[in-house]
Number of protein chains: 2
Amino acid sequence: MNAIDNEKQAVVRLAERFGRVRDAHQREQAEDYVELIADLIDGHGEARVVDLAGRLGVTNATVNNTIHRLQRDGLVTSKPYRSIFLTEEGRKLAESARERHRIVRAFLVALGVDADSAEADAEGIEHHVSDATLDAFRRYLGHADAREAKPGSFRGARQGGA
Amino acid sequence: MNAIDNEKQAVVRLAERFGRVRDAHQREQAEDYVELIADLIDGHGEARVVDLAGRLGVTNATVNNTIHRLQRDGLVTSKPYRSIFLTEEGRKLAESARERHRIVRAFLVALGVDADSAEADAEGIEHHVSDATLDAFRRYLGHADAREAKPGSFRGARQGGA
DNA sequence: CACATAAGTTAGTGAAGGCTAATTTTTATA
DNA sequence: TATAAAAATTAGCCTTCACTAACTTATGTG
C-alpha cells in the first residue's frame, strides 16, 4: 500500500468518474499530453503551446484544441495566451504515466534492446501494459540488477542491431 | 532472409506506397481488422460483418464503414451482402500482425504474466514493438525454452498476481 | 413458396483530432 | 516607445470512427 498504489487508485477512480476521456485512444492522448506537460514544466519551468506542438509534431492550432479538451476534462488549466498547468488530477495521471514509461524503457534496455528503439517503443507500449505485466517487468528488472552486481551471467545478447 | 523477412518488406513497401492508411492509429485498426478476418476465415470458413462487429464490440454499420475503407486501401474485397475476403496484401499484413501477436503473447507468458493479461496486453502491445524489440523477445523465448529443458533455474517468479 | 428474421447497407448525426489561413495578443528589440 | 516577430487563438474545413434509425437483401422454416 505505497504512494504509487494510492496514485494508481486515484487514476482509476478518475477514469471511472469522468464520462469523458473514456476510450483507449483518448486516454492515450491525454496521458501523452500530461506526461509531456509535466516534463516541460520540470525542464523549462513552464509548458507552452509552441513547445508541445514542436514535440508532438502537430500545429499550434491542434495543440490548442486538445488543451481545451483536457481542460474540459479537468486535467489541465490555462488562461488565454498563458502557459499550461496541470491540475492535481492531471499531475497524478502524469506521474503514473511517467512511472510506467520509465519501467517499460528500462525493461527493454535490460532485455538488450538498443536505447533508441527502447525509447521509441516504450512511448507506444506504456499505454498498453496492465499491472500484471508491469509487475513482471519490475521483477525482471530486479533480477537483472542482481545479475548486474555479479557479472558473468547472461544479460541479453547482440545489443545494438538497428 | 527468410519468408517472414520477405513479408515484412512487403508490408513496409505497402505502407509507404499507399498514401492512405498512413498514421499509426489507422494502421493499428487495419491490422486488427485483417488479423481478425484471417482468424475468422480460418476458424469459420468465412468472415462476416456480424462476426467482426460482435468481436470488436461495435455495430454492423461501423464495421461496414471500416470495411469500405479497407477495401479502398486494397486490403480486403467484398461484394454487397457477401462475406469479406483478404487481398494478397491484406493476407500478408494479417500474417505479420499474427506473428507479432503470437510472439508478444508468448513472451509475456514466459515472463510470468498470467495468460489472460498476456493476451489482453499483447493485443495492444503488438502494434508498438519495433523489429529490435521483437528480436529481443524472440531471443528471450529461445533462452526460456532452453531453461525449460533443464529445470531448476529462474523462470519468472510469483506467477498469477492479478 | 411465403414470409419472418437475420444480416447487411445507407443516411444522417456527432465528437475527436488533424489541417490552413487569418487574426489577436504578447514579447522583444531597434 | 513603436513596431516587428513570435505565440496563441479563432474560424472553417476535412477524415475517421462511432452511433441510431430506416431500409434492402438473404436465409431459413412453417
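Lettering of chains follows the sequences in order, A, B, ..., and the numbering in each one begins at 1. Bear in mind that the values here come from a model prediction, so they are computed numbers and not experimental data.
Under the side-chain hydrogen bond (donor to acceptor under 3.5 Å, both in side chains) criterion, B:Thr59 pairs with B:Thr62, not counting sequence neighbours. Every residue was checked against the side-chain hydrogen bond (donor to acceptor under 3.5 Å, both in side chains) condition with A:Thr77, not counting sequence neighbours, and none meets it. B:Arg102 meets the salt bridge (charged side-chain N to carboxylate O under 4.0 Å, His left out) test with B:Glu99; sequence neighbours excluded. Annotation: side-chain hydrogen bond (donor to acceptor under 3.5 Å, both in side chains) contacts of A:Ser78 (sequence neighbours excluded): none.
Ring planes of B:Phe107 and B:Tyr140: perpendicular class, angle over 60° (limits at 30 and 60°).
Counting to the nearest Å, the P atom of D:dT16 and the CD1 atom of B:Ile67 are 15 Å from each other. Taking atom CD on A:Glu28 and atom C1' on C:dG18, their separation rounds to 17 Å, with Å as the unit. Distance B:Gln71 CD to C:dG8 P: 14 Å, rounded to the nearest Å. Distance, A:Asn64 CG to C:dG18 C1': 13 Å, rounded to whole Å. Here the C1' atom of nucleotide C:dA16 and the CG atom of A:Leu56 are 16 Å apart, to the nearest Å. Whole-Å rounding puts the A:Glu46 CD to D:dA8 C1' distance at 13 Å. Spacing between atom NE2 of A:His68 and atom P of D:dT9 amounts to 6 Å, rounded to whole angstrom units. Separating the CD1 atom of A:Ile84 from the C1' atom of D:dT9 is a distance of 12 Å, rounded to the nearest angstrom.
Rounded to 10 degrees, the angle separating the terminal helix axes of the helix from C:dC1-D:dG30 to C:dA30-D:dT1, each built from five base pairs, is 0°.
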Taking distance alone, no hydrogens or angles, what donor-acceptor pairs closer than 3.5 Å link side-chain atoms of residues 38-55 of chain A to residues at least two apart or in another chain?
unit_1	atom_1	unit_2	atom_2	d
A:Asp42	OD2	A:Arg98	NH1	3.1
A:Asp42	OD2	A:Arg98	NH2	2.9
A:Glu46	OE1	A:Ser83	OG	3.4
A:Arg55	NH1	A:Asp51	O	3.4

Donor-acceptor list for residues 119-127 of chain B side chains, cut-off 3.5 Å, not counting sequence neighbours:
unit_1	atom_1	unit_2	atom_2	d
B:Glu119	OE1	B:Arg105	NE	2.5
B:Glu119	OE2	B:His101	NE2	3.1
B:Asp121	OD1	A:Ser130	OG	3.4
B:Asp121	OD2	A:Ser130	N	2.9
B:Asp121	OD2	A:Ser130	OG	2.6
B:Asp121	OD2	A:Thr133	OG1	2.5
B:Glu126	OE2	B:His101	ND1	2.9
B:His127	ND1	B:Glu31	OE1	2.7
B:His127	NE2	B:Asp32	OD1	2.8

Could you walk me through whether A:Leu108 and A:Phe137 pass side chain to side chain contact (heavy atoms under 4.5 Å, CB included), step by step?
-> CA-CA 9 Å; A:Leu108 292 176; A:Phe137 287 6; 6.0 Å; no

Any N/O pairs under 3.5 Å between the protein and nucleotides 26-29 of chain D? List them or say none.
unit_1	atom_1	unit_2	atom_2	d
D:dT27	OP1	B:Arg82	NH1	3.4

Identify the pairs formed between an N or O of the protein and an N or O of nucleotides 18-21 of chain D at a distance under 3.5 Å, and give each distance.
unit_1	atom_1	unit_2	atom_2	d
D:dA18	OP2	B:Gln29	NE2	3.2
D:dC19	OP2	B:Thr59	N	3.0
D:dC19	OP2	B:Thr59	OG1	3.0
D:dC19	OP2	B:Thr62	OG1	2.5

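Of the listed nucleotides (C:dA16, C:dG8, D:dC17), D:dC17 has the atom at the smallest distance from the side chain of B:Gln26.
When hydrophobic clusters are built by joining Ile, Leu, Val, Met, Phe, Trp and Tyr residues whose side-chain heavy atoms come closer than 4.5 Å, directly or via intermediates, B:Val76 is grouped together with B:Leu56.
Looking at A:Glu95 and A:Lys92, no side-chain N of the basic residue comes within less than 4.0 Å of a carboxylate O on the acidic one, giving no salt bridge.
Evaluation of the ring-ring contact (aromatic ring centres under 6.0 Å, His included) test over residues 55-79 of chain A, restricted to residues two or more places apart or in two chains, returns none.
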